[in-house]
Amino acid sequence: MDGVGNTMQKKAAELERMAEVLIIGEQLRLRLHEGKVIKDRRHHLRTYPNCFVAKELIDWLMEHREASDRETAIRIMQKLLDHSIIHHVCDEHKDFKDMKLFYRFRKDDGTFPLDNEAKVFLRGQRIFEKLMNTENSLLQTREEEGVTFERALVASEFVDWLLQEGEVASREEAEQLGRRLLEHGIIQHVTNKNHFVDGELLYQFRMNFRRRRRLMELLTDRCRSIPESQDSPFCLRKQNPDRRNTSFHSVSQMLKRQVSPEELQTPGGPYIKKTFTIVGDAVGWGFVVRGNKPCHVQAVDPSGPAAAAGMKEQKLQTVCQFVVSVNGLNVLSLDYRTVSNLILTGPRTVVMEVMEEIEQ
């Protein structure tokens, strides 16, 4: 059984890795369209629609701090080419070259190879986005076996919704779809004890399609190489291995003593409420939270979105900012993992209220 289990885990890891590459590629494609890097181009009296120039793209990656040098940028794009996310417009070059050559995303010309795994992933992504963009009560705080789970859905209600949205034709087909989504790591039973069954069990989306990925993740063995990113979405910029030319120098804050939600909200207390509107970039939001009921700001990237919104890097290495609410939801009674999940599955713009300790 151990051999079978290891094989299943290896397969699941491979599927998750493939899904992460697809997400990274799609996020980059949308950004390049938005920035007009992808457009129709002419060469030798022929028009090549929806393509980009390799040399210009490498310039763009460096300007947007997605790569520290041209060699790294080439390695990133080569990964996308190796995974059939992009290709040379005439398929004459199997390598990504720092030249005035035209390349295109396969999704823009309909040549992306849709194998069974990719089809499940793309369908899961569509269902996730549809759930997030429509008004429904499927994803709620729910309880199973005495434990509370955030943004959980009831299997039978999910099946009802799939039928209502025309995603499936029968409950049997919906259950089969749920099982495939679970097997591909897109959803999971809240305690990982059960497969997908059309009943009263709770499930959560394990894969967050909205987390803004770093292109550098393509060059790592694991999908998420930064320790903070495994349990906090507020990813700080990763320092260079040689410690040179790094834009992030965090100041970790130590919790002097545990502060209760009641203490933070006591009138006349030594705290002042502040509100930050933080627009995430391709890396993250630029700060890290830790702690439990309430969680606190542990570190801030001085060159990141949070700092740009006014969140200050702490000088005294002591915690003085506690998270009160995220996008209007009071989170004083939640731990940092739950707060992180709320932001990961929410919009790119985060409105966060904190209670800041008044300097004595």
Side-chain angles (χ1 to χ4, degrees), residues 128 131-132 139-144 147-153 188 190-191 202 204-213 224 226-237 250-265 271-281 283-301 304-314 318-357:
F128 175 85
L131 273 172
M132 298 301 297
L139 297 174
Q140 293 186 26
T141 300
R142 301 177 186 272
E143 186 175 303
E144 184 172 297
V147 180
T148 300
F149 299 94
E150 300 290 334
R151 292 182 179 268
L153 54 82
Q188 65 180 6
V190 289
T191 61
L202 300 183
Q204 293 171 314
F205 274 88
R206 179 172 180 269
M207 182 172 292
N208 175 40
F209 296 95
R210 290 187 172 183
R211 179 179 73 85
R212 292 179 67 81
R213 274 72 171 174
R224 301 179 182 181
I226 306 174
E228 273 78 16
S229 68
Q230 295 180 16
D231 47 28
S232 176
F234 318 118
C235 303
L236 296 165
R237 285 153 177 75
S250 71
V251 174
S252 293
Q253 305 175 31
M254 299 181 295
L255 191 62
K256 292 184 295 185
R257 64 182 180 84
Q258 185 62 42
V259 177
S260 68
E262 292 75 22
E263 183 178 350
L264 289 176
Q265 299 177 93
Y271 300 96
I272 183 173
K273 181 178 289 187
K274 291 188 176 182
T275 301
F276 301 107
T277 301
I278 307 167
V279 181
D281 62 12
V283 179
W285 285 264
F287 67 99
V288 167
V289 292
R290 285 293 184 270
N292 181 35
K293 301 178 182 180
C295 59
H296 59 267
V297 177
Q298 185 187 52
V300 178
D301 177 355
M311 185 178 289
K312 296 180 180 179
E313 183 179 22
Q314 304 307 308
T318 55
V319 172
C320 60
Q321 289 183 334
F322 296 89
V323 184
V324 176
S325 70
V326 173
N327 294 330
L329 178 66
N330 188 295
V331 297
L332 284 172
S333 61
L334 305 178
D335 63 17
Y336 75 92
R337 287 188 174 86
T338 305
V339 173
S340 298
N341 187 57
L342 288 174
I343 297 219
L344 281 169
T345 54
R348 177 181 175 185
T349 299
V350 174
V351 179
M352 191 172 77
E353 289 186 343
V354 304
M355 294 298 286
E356 182 174 298
E357 188 175 6

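Everything numeric in this text was worked out from a predicted model, so none of it was measured. Worth knowing before you read on, the calculation uses all heavy atoms, side chains too, and leaves out hydrogens, waters and symmetry mates.
Looking at residues two or more places apart in sequence or on another chain, you find no ring pair (Phe, Tyr, Trp, His ring centres under 6.0 Å) involving Phe276. Under the rule for a side-chain hydrogen bond (donor to acceptor under 3.5 Å, both in side chains), Lys273 has no partner lying at least two apart in sequence or in another chain. Asp335 pairs by the side-chain contact (heavy atoms from CB on, under 4.5 Å) definition with Asn292, Arg337, Thr338, not counting sequence neighbours. Contacts of Lys293 classified as salt bridge (Lys or Arg N to Asp or Glu O under 4.0 Å), with partners at least two apart in sequence or in another chain: none. Listed by chain and number, the residues in a side-chain hydrogen bond (donor to acceptor under 3.5 Å, both in side chains) with Thr349 amount to none (sequence neighbours excluded). With sequence neighbours left out, the salt bridge (Lys or Arg N to Asp or Glu O under 4.0 Å) criterion links Glu150 to no other residue.
The minimum heavy-atom distance between Pro294 and Ser260, with the atom names listed, is CD-C, 4.4 Å. Here the closest heavy-atom approach between residue Val289 and residue Tyr336 is recorded as O-CD1, 3.6 Å. Across all non-hydrogen atoms, the minimal contact from Leu332 to Asn330 is N-OD1, 3.0 Å.
Using a 4.5 Å heavy-atom threshold, the side chains of Met352 and Phe287 count as touching. Side chains of Val324 and Val354 form no contact here, defined as non-hydrogen atoms less than 4.5 Å apart. Between Gln140 and Arg151, every side-chain heavy-atom pair lies at or beyond the 4.5 Å cut-off. With contacts defined as side-chain heavy-atom distances shorter than 4.5 Å, the pair Leu139/Met132 qualifies. Between Arg142 and Phe149 the shortest side-chain heavy-atom distance does not fall below 4.5 Å.
The backbone N or O of Arg206 lies less than 3.5 Å from no partner atom in the side chain of Gln188, so there is not a single donor-acceptor pair. Using a distance-only test at 3.5 Å, with no hydrogens or angles considered, no donor-acceptor pair links the side chain of His296 to the main chain of Val323.
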